[in-house]
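Let me begin by presenting the structure, written as structure tokens, before commenting on it.
All chains are named by letter (A, B, ...) in the order of the sequence lines, taking the proteins before the strands, and each is independently numbered beginning at 1. The figures here come from the full heavy-atom set of this structure, side chains too, leaving out hydrogens, waters and symmetry mates.
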Amino acid sequence: EPEVTQTPSHQVTQMGQEVILRCVPISNHLYFYWYRQILGQKVEFLVSFYNNEISEKSEIFDDQFSVERPDGSNFTLKIRSTKLEDSAMYFCASSPTGDYGYTFGSGTRLTVV
Amino acid sequence: AQSVTQLGSHVSVSEGALVLLRCNYSSSVPPYLFWYVQYPNQGLQLLLKYTTGATLVKGINGFEAEFKKSETSFHLTKPSAHMSDAAEYFCAVRGAGTASKLTFGTGTRLQVTL
């Protein structure tokens, strides 16, 4: 069964550093998403991406965040200057159409120290 | 706008007993409804979904859920719990016919005891 692949599974970074979280969506999917889950809390939407542009973003997704699909297969989330409160599990998801369910990746646990 | 309320952050059942996890939603448009399961240190796995058609939907691992529009509910059930069902369960909603975001509930941790 096709999978959404996320790397790395766990990343530790110092506060103020830039991080890039990587995702390989399912190959024929057109819609891509990032969600995050702070430890013990619910899963929160960050951003959706379609046709090489952001289609929706949450208030969490401020200027420190950016997304990119650099080569037609990868989908990345960049955090420019990490804060302690960015520590969370980040999930990538993809969908073949907007009107369907998602497939989530297994997540990247980001720890900011 | 959509929202989800999951009643009970922790539910404990005996092995073999009925599992009932409650989910109520609010949506300004016809909803699509989902249940996801998260095992420790793992990602989100889709259990089942309701989009249109039959209101009783069956998912993986013997789970099912019924969409009740009049009650704005989408409760998850399983007739007989197994130890391997112990996990966190999330209900989620999105607007039908759009590429809009999923809105998740706060989750219910299911514990299964012998």
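With rounding to the nearest 0.5 angstrom, the CD atom of B:Q6 is 9.5 Å from the NZ atom of A:K42. With values rounded to the nearest 0.5 angstrom, A:S95 atom OG is found 6.0 Å from B:R94 atom CZ. Taking CD from A:Q41 and OG1 from B:T106, the interatomic distance works out to 10.5 Å, rounded to the nearest 0.5 Å. For the atom pair A:S58 OG and B:K101 NZ, the distance stands at 7.0 Å (nearest 0.5 Å).
Although no hydrogens or angles enter the test, the distance criterion places a donor-acceptor pair under 3.5 Å between the side chain of A:Y35 and the main chain of B:L102.
In the displayed structure, A:D63 atom CG is contacted under 6.0 Å by at most 12 heavy atoms of other residues, nucleotides or ligands. Other residues, nucleotides and ligands place more than 12 heavy atoms under 6.0 Å from the CZ atom of A:R69.
Tracing side-chain contacts under 4.5 Å through hydrophobic residues (I, L, V, M, F, W, Y), one reaches B:Y32 starting from A:F45; they form part of the same cluster. Linking ILVMFWY residues whenever their side-chain heavy atoms come closer than 4.5 Å, directly or via other members, leaves A:I26 and A:Y50 in distinct clusters. A:I79 and A:Y33 are not part of a single hydrophobic cluster, where members link through side-chain heavy atoms under 4.5 Å apart. The hydrophobic clustering, which links ILVMFWY residues whose side-chain heavy atoms are closer than 4.5 Å, places B:Y89 and B:L7 apart. B:V93 and B:F34 are not part of a single hydrophobic cluster, where members link through side-chain heavy atoms under 4.5 Å apart.
Only the side chain of A:Q37 comes within contact range of chain B, with heavy atoms under 4.5 Å apart. Proximity to chain A is limited to the side chain of B:Q38, based on heavy atoms less than 4.5 angstrom apart.
Residues B:Y36 and A:F104 bring their aromatic ring centres within 6.0 Å.
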(request) Decide yes or no on side-chain contact (heavy atoms from CB on, under 4.5 Å) for A:V43 and B:L44, but give the supporting numbers first. (result) CA-CA 10 Å; A:V43 179; B:L44 297 163; 4.1 Å; yes

